[in-house]
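Just the heavy atoms: all of them, side chains too, but no hydrogens, waters or symmetry mates, feed the values below.
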Amino acid sequence: PVHHPSFEQDRPAFMRELGVIGWDYKEACYYLEVKGNPRPSSMSNLNRNKLLSHLEGMDQVDRNNINKAWLQDTKGAPE
């Protein structure tokens with residue numbers, strides 16, 4: 001995928017913020033791709049910030065379901 005021009009400069013802060021809210025970059029990409037949305041690296045800074053707010057505000061049940069699906073799809077974890 002093509003990176004948005006702002007991504008290289010904003011990458012360290014974005015990755016740090018993802019970690020603060022308990023998300024892994026690959027897991028966030030998985031979530032976005034399942035929903036048909038672009039990866040964070042292809043988003044503008046504004047949209048990445050909106051994504052962080054969305055992920056941080058996500059219901060814990062939904063968050064757990066996404067994590068479980070990601071682990072099953074990427075690592076073959078049992079149900």
Can you give me every donor-acceptor pair (side chain of residues 45-52, partner residue at least two apart or in another chain, under 3.5 Å) with its distance?
| unit_1 | atom_1 | unit_2 | atom_2 | d |
| --- | --- | --- | --- | --- |
| Arg48 | NH1 | Pro40 | O | 3.4 |
| Arg48 | NH1 | Met43 | O | 2.3 |
| Arg48 | NH2 | Ser6 | OG | 2.8 |
| Arg48 | NH2 | Asp10 | OD2 | 3.0 |
| Asn49 | ND2 | Asn45 | O | 3.4 |

Among residues at least two apart in sequence or on other chains, which ones pass ring-ring contact (aromatic ring centres under 6.0 Å, His included) with Phe7?
His3

Does any non-hydrogen side-chain atom of Leu18 lie less than 4.5 Å from one of Leu55?
yes

Going by the salt bridge (Lys or Arg N to Asp or Glu O under 4.0 Å) test, which pairs reach into residues 11-24, not counting sequence neighbours?
Glu8-Arg11

With a 4.5 Å cut-off on side-chain heavy-atom distances among I, L, V, M, F, W and Y, is there a chain of contacts connecting Met58 to Phe14?
yes

Could you state the interatomic distance from OG1 (Thr74) to OH (Tyr30), rounded to the nearest 0.5 Å?
8.0 Å

Keeping to residues at least two apart or across chains, list the salt bridge (Lys or Arg N to Asp or Glu O under 4.0 Å) pairs with something in residues 30-47.
Glu33-Arg39

Under the salt bridge (Lys or Arg N to Asp or Glu O under 4.0 Å) test, residues paired with Glu56 that sit two or more places apart
none

Go through the structure and list residues passing side-chain contact (heavy atoms from CB on, under 4.5 Å) with Val61, not counting sequence neighbours.
Asp59, Asn65

List for me each residue that meets salt bridge (Lys or Arg N to Asp or Glu O under 4.0 Å) alongside Glu27, sequence neighbours excluded, and say none if there are none.
Arg63

Leu32-Tyr25 co-clustered via ILVMFWY side chain contacts under 4.5 Å:
yes

Got a sec, which residues hit side chain to side chain donor-acceptor pair (under 3.5 Å) with Gln60, two or more places apart in sequence or on another chain?
Asn64

Contact between Tyr31 and Asp62 at the side-chain level, heavy atoms closer than 4.5 Å - yes or no?
no

